[in-house]
Amino acid sequence: MEPKEQLTYNFEEIETRHQKNWEENALFTTTEDSDKPFYYVLEMFPYPSGRIHMGHVRNYTIGDVIARFKKMNGFNVLHPMGWDAFGLPAENAALKHKTHPAKWTYENIDYMKKQLRRLGLSYDWSREIATCDPSYYKWEQLFFIKMLEKGIVYRKKSTVNWCESCQTVLANEQVEDGKCWRCSEEVINKELDGWFFKITDYAEELLSYCDKLTNWPDKVISMQKNWIGKSAGAGVVFNLVGSEKKIEVFTTRPDTLYGVTFVCLSVDHPLVEILLKDNPVKNEAEEFIRNVKLIPAEIKFGETLEKDGFFTGKYVVHPLMDVEIPIYLANYVLIEYGTGAVMGVPAHDTRDFQFAKKYSLPIKTVIIPEDNSIDPDNLADAYTENGIMINSNGFNGLSSIDVKEKIINCLEKAKLGNKEITFRLRDWGISRQRFWGTPIPIIHCPNCGIVPVPEKDLPVKLPLNMEIDEKGRSPLHTSEEFYKVSCPLCNATGRRETDTMDTFVESSWYFARYTCPQDENTALAKESARKWLPVNQYIGGIEHAILHLLYSRFFTKVLRDIGYLEIDEPFEKLMTQGMVLKDGAKMSKSKGNVVDPDLMIKKYGSDTIRLFILFAAPPERDLEWSDHGIDGSHRFIQRVWRLVTGNIEELSVNYPEDLFKMDILPGNLKKIRRKTHQTIIKVRDDLEKFHFNTAISALMELVNELYGVINTENNKVDKAKWAVIKEAVTNMILLLSPFVPHLSDEMWLILGRTGSVSNQAFPVGDKEIAREDEIIVAIQVNGKLRGEVNVPAGADENEIKTLALSDPRIQKHIEGKAIKKIIFVPGRIFNIVV
RNA sequence: GCGAGAGUGGCGGAAUUGGUAGACGCACUGGACUUAGAAUCCAGCGGGGUGACCUGUGCGAGUUCAAAUCUCGCCUCUCGCACCA
């Protein structure tokens, strides 16, 4: 390009000026009185941890592109932002800095909000919410009470991590190698009363609706389905020898019933105490139980737990055979799942096989594969497939699949079992012995028992005048000022519930509150909810694929059933974005590979970061941060900037349309127009599919072609040429605007237009202009590329055949061989098989 | 361990879903411009071979005229696992 006096690209000045302009004109403030179709796009709100990290930048940039794209397509777009403000880190920080969690949290919110604004994200800030605000959690407390009335909330015991020396409950995160993270004392399990949400009541619906979530990624759906874990099988009763008592087990493999050689109980099973009464092995058994109970939750449910067992000396009777079967205690049987007891079939279950080998228990094969490929008397490993029954009384020779039903029938006749469906999903324990969370609105009265706080007394506010103690314990448990209250029913002195709710509760309904964030009369205004919900597009990290999304789905159904919402599912479409990595690993302080968005904004500006993060990888994949890569994005932006500012004179002229009609243009300009419209079509299409990286590379190609024509055609007064370039540049600015909104708005002004590009319509390409009139068809011989021919777009097989057979390269490869077959894929491949 | 993904040049990635592998960008190399550097512009760039060609999408088989894409069997990495959010 010719050297010419140009405006410098001062991104800091340009970006802050346009941000100010958008805000002053309330460009992204959304109201409900609009004739346009409604569209709700939401990104998962952040925890106010202190500063924005690159994962946030990525998440919010993706959402912003969609919000801006939809707005330009004529939608009334709701695009809100808020703060998931309760949680453990605030308590830790408060402890460290001797301050109140609220102070720390709100300071973080202030700072992070500035950072988000500086990124030029098109949020409607008038709808901002923070979940730690009483005006938010008040409604959550009300939901809790309504759920209690409905029987969706109940109380039961559960096991927590407990540190004896700190006298406090620990989160899994606070347990390091089975030890307390503060004092390194061994962590033990402790039983505690707590509140539970009956998510299992919704298991069937949560599962069946998975199939209606057709715009969710398959991987998330299958993770959710597996998490809910429906399995059909049988409940089987084993009567205790010499006792009225019985052990009930659940099995998905009733067909293996004749292969049972032992039964295992969880150490928490209620029968254990009875079995051990006056038992000679009582002491050893109790030692075993103590050891199992010491296994911290993180190891018990995960990692490689070494299978361990203990023989009780007691037996049960097989329900369909006259055989006595030994009862073991086992560390791998969980009281939380099924009945807390399992039947051991070593021949057909891998875990049972290991267990039987370890304790020299018999291994009885009852199913063999049809091809007889295993030796039933000497198994090398458990055979877990279906097959043909053996050693099973009247069922021998039948298929194991058919036998399931038949054995259940036998059990039903004998009144020793029945068909059963179980779920892996457990009820959601929401009690936390923490300070910085939503107080549970309950009063424990010595006379009346459990009494909900009356609605008029809500919210139960979290006191701002107390501090977390040096062991990290919640002051609510010890503060009379907080817990000493009189019972609303009988006026007796009661004790306020001092536990708070799991922070997942707040994030399970925030998306709905954005539709009426300031409403003081109700949690959710019906009319607003009806207009906006469900969220049309939800975007967030894949790490939330199960818990947050499942809880939100559950909560939506609960809110429907207690009369607040009219929808069944919260999120119509879901996009899960990958992580931002540096040097192949997740960014973390401990690894020292953190890239600070603030520094990047200072060095390159927001548009460059946005562009790079969208260009460097498709959104659902992990993104490798590259300091060189971001230079490339910055270079592209400047290249675009020079393209406009360096040719401002020519681009400011208004060219009449008949100057650049396709049929009068020379080939090179025709090519530019064609490319322009192909790019419009491609970018629009890619945006619909979230293929931001390829949309951007298409725009790069267009810019490269424009430079090509400007550099090679030196005739500065060629009006047709500049008319074509102006069409391309104008569309380019519009197409770029969702990605780099500040740059686009600035170039729009430079070209003499007014207002923000975000108020313009997104371009629609002309298919006629975009159509290629000549195409290249690859010629293959036996599937190998041997040449190519240039043909008019509509060329038929015969034309291509003539050209192909006359090509000397092709002739060389088919010479002296008979043509067996010709495969022709129009517009692509012409394959000669010889 | 269980569940779910991913694997393509030196690097990030593309490939119309079975049809010319490597678009676009980074890095690198050469050239132009410049007193010099920066910036910019132009060209080259999977590996082997002077060449025609051969070879190549984690590994090993298979289906097909044709496989990065489909099937089977492995390997490696990442995420989630219920009190981190």
Side-chain angles (χ1 to χ4, degrees), chain A residues 1 3 44 46-47 49 84 86-89 158 160-161 169-175 194 217-227 229 297-298 301-305 332 336 350-351 424-434 502-504 507 541-548 550-551 578-579 581 584-586 612 615-618 620-633 635-636 638-639 642 691 693-694 696-701 704 707 711 776-788 809 812 820-823 825 827-834:
Chain A
M1 195 157 20
M44 291 179 185
Y47 178 77
S49 54
D84 189 13
F86 275 137
L88 196 53
S158 67
V160 295
N161 303 307
V169 174
L170 298 176
N172 285 348
E173 193 191 49
Q174 299 171 312
V175 180
D218 291 342
K219 59 175 170 179
V220 176
I221 291 296
S222 76
M223 279 192 256
Q224 294 239 330
K225 281 184 175 173
N226 284 319
W227 188 258
E298 48 159 331
F301 295 115
E303 297 312 303
T304 35
L305 178 71
Y332 67 92
E336 289 88 350
T350 314
R351 275 179 316 178
R424 205 187 76 98
L425 183 68
R426 306 199 298 267
D427 276 338
W428 176 11
I430 59 140
S431 289
R432 299 290 181 272
Q433 298 68 38
R434 300 266 167 67
D502 181 2
T503 57
F504 269 119
S507 56
I542 183 68
E543 65 273 20
H544 297 290
I546 297 176
L547 291 180
H548 162 63
L550 190 68
Y551 290 151
M579 289 186 311
L581 309 177
K586 196 172 174 173
F612 172 68
F615 177 63
E620 63 279 358
R621 279 231 246 162
D622 287 349
L623 183 154
E624 174 69 30
W625 184 268
S626 154
D627 293 331
H628 284 304
I630 197 163
D631 279 331
S633 293
R635 218 173 289 160
F636 172 70
Q638 289 180 297
R639 203 165 142 82
R642 282 194 306 272
H691 294 175
N693 54 335
T694 49
I696 292 165
S697 60
L699 283 159
M700 287 172 169
E701 285 182 39
N704 288 346
Y707 266 89
N711 284 339
I776 297 165
V777 174
I779 311 297
Q780 295 182 335
V781 178
N782 285 346
K784 290 207 181 221
L785 182 69
R786 296 298 176 193
E788 47 188 42
R809 265 182 82 197
K812 201 177 120 195
K820 270 201 256 172
K821 193 154 82 164
I822 282 174
I823 289 136
V825 183
R828 305 220 162 277
I829 291 281
F830 188 87
N831 187 11
I832 305 164
V833 185
V834 293

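The sequence lines fix the lettering, A, B, ..., with proteins before strands; numbering per chain opens at 1. What you see is a predicted model, and the numbers here were worked out from it, not measured in a lab. Any value given below was found using the heavy atoms of this structure, including those in side chains, with hydrogens, waters and symmetry copies removed.
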Under 4.0 Å: is that the gap between some side-chain N or O of A:Arg786 and OP1 or OP2 of B:C54? yes

N/O (side chain, A:Arg426) to phosphate O (OP1/OP2, B:A82) under 4.0 Å: no

Mind listing the N/O atom pairs, protein and nucleotides 4-13 of chain B, below 3.5 Å?
unit_1	atom_1	unit_2	atom_2	d
B:A4	O3'	A:Ser222	OG	3.3
B:G12	O2'	A:Ala616	O	2.4
B:G13	OP1	A:Asp622	O	3.4
B:G13	O3'	A:Asn693	ND2	3.3

Distance between P atoms of B:C54 and B:C41 (Å, rounded): 39 Å

Would you kindly say whether A:Asn704 and A:Arg639 are connected by a side-chain donor-acceptor distance under 3.5 Å? yes

If you look at every strand shown and take non-hydrogen atoms under 4.0 Å, does A:Gln638 touch a base, only sugar-phosphate, or nothing? nothing

Need one value for A:Met579: base, sugar-phosphate or nothing, where a base atom within 4.0 Å counts as base even if backbone is also close, heavy atoms only. sugar-phosphate

Take A:Tyr47 and A:Gly632, find for each the nucleotide of RNA chain B with the closest heavy atom, and name the residue whose nucleotide sits nearer the 5' end. A:Gly632

Residue-phosphate contact under 4.0 Å: A:Thr694 side-chain N/O, B:A14 OP1/OP2: no

Anti versus syn assignment for B:U17, with syn defined as within 90° of 0: syn

Have a look at A:Ile822 and say if it touches a base, only the backbone sugar-phosphate, or nothing, with a 4.0 Å heavy-atom cut-off. nothing

Do any N or O atoms of the protein come closer than 3.5 Å to N or O atoms of nucleotides 48-52 of chain B, and which pairs are they?
unit_1	atom_1	unit_2	atom_2	d
B:A52	O2'	A:Lys812	NZ	2.5

Can you tell me, in whole Å, how much space there is between the C1' of B:G10 and that of B:G60? 27 Å

Contact class for A:Glu701 vs. all strands (heavy atom < 4.0 Å): base, sugar-phosphate, or nothing? sugar-phosphate

Do nucleotides 60-70 of chain B as a string where each nucleotide becomes B, S or -: B if the base has a protein heavy atom under 4.0 Å, S if just the sugar-phosphate does, - if no protein is that close. -----B-----

Could you check whether A:Asn704 gets within reach of a base, just the sugar-phosphate, or nothing at all, counting any heavy atom under 4.0 Å? sugar-phosphate

Under 4.0 angstrom, heavy atoms only, what part of the nucleic acid is A:Ser431 near: base, sugar-phosphate, or nothing? base

